[in-house]
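Residues: numbered from 1 along the sequence shown.
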Amino acid sequence: MDRASLAAQQWQNERPDLDTVPMETLGRIAELALRAQRDHIDQLFAKHGLQPGEFDVLATLRRSGAPFALSPTALYEATMVSSGGMTNRIDKLEKAGLIERRANPNDRRSNLVALTGDGLAKIDQILPQHISNEQNILAALNDKEIEQLNAISKKLIARLDQLEAKPKV
């Protein structure tokens, strides 16, 4: 019995008047995300000397296409981290020689953050391993189940967007 089932059973014993299915469902989603990240994804990044947020910066720059450069604001928005957190990541990756700050040719008042040759090589080395790692995590599901999980996840994220857009009373 998984932890979510155990908790739901305990709540059913203590408070049979409550529908604990939402708690059980979201508890499983949270455990899935935590364990996949902690036990598999983070470990792969650590083997390559990276934290997850640093991988995210390198991957965001790589998927932006040549010349693999973005403004700090665009990078911040694409990775959904705090601006202070982004500055720390950029500083660490720059110190490691994986990214560099360049003058922005379109705006002399700002800089771009760009992959170096070493940064491009590193992300291109790690990305196939990362995808393989994630495929291994999802191997318990068939293609149709993965499609369904994607559709359901997308629907739930859209619901959270709706809830966040509502004015707070």
Do N142 and E145 have side-chain heavy atoms sitting under 4.5 Å apart?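 Counting from C-beta outward, N142 and E145 do come under 4.5 Å.
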Got L61 and I123 here, is their nearest side-chain heavy-atom distance under 4.5 Å?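 Result no, sub-4.5 Å side-chain heavy-atom pair not found.
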Return yes if a side-chain donor-acceptor contact under 3.5 Å exists between S153 and N150, otherwise no.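 Short answer, no.
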Check whether [X] reaches the backbone of [Y] with its side chain - one donor and one acceptor, N or O, closer than 3.5 Å.
| X | Y | result |
| --- | --- | --- |
| S132 | Q129 | no |
| N133 | H40 | yes |
| E134 | I131 | no |
| T79 | D56 | no |
| K122 | G117 | no |
| S71 | A74 | yes |

E100/R102 salt bridge by N-O under 4.0 Å criterion: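 Counted as a salt bridge, because a side-chain N and a carboxylate O are separated by less than 4.0 Å.
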Presence of salt bridge, D42 and K47, under 4.0 angstrom: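 Here K47 does not pair with D42 in a salt bridge, since their nearest N and O are not under 4.0 Å apart.
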side-chain contact (heavy atoms from CB on, under 4.5 Å) with L70: of V57, L112, T60, only one passes, and it is T60
Hydrophobic clusters here meaning ILVMFWY residues chained together by side-chain heavy-atom distances under 4.5 Å, can you tell me if L58 and M86 are in one?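 Same cluster: L58 reaches M86 through Ile, Leu, Val, Met, Phe, Trp or Tyr contacts under 4.5 Å.
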Minimum heavy-atom separation for [X] and [Y], please, with both atom names.
| X | Y | answer |
| --- | --- | --- |
| A103 | N111 | CA-OD1, 3.9 Å |
| A4 | R28 | CB-CG, 3.8 Å |
| G97 | D118 | O-CB, 3.8 Å |

Mind telling me whether F45 and F55 have parallel, tilted or perpendicular rings, with 30° and 60° as the class edges? parallel
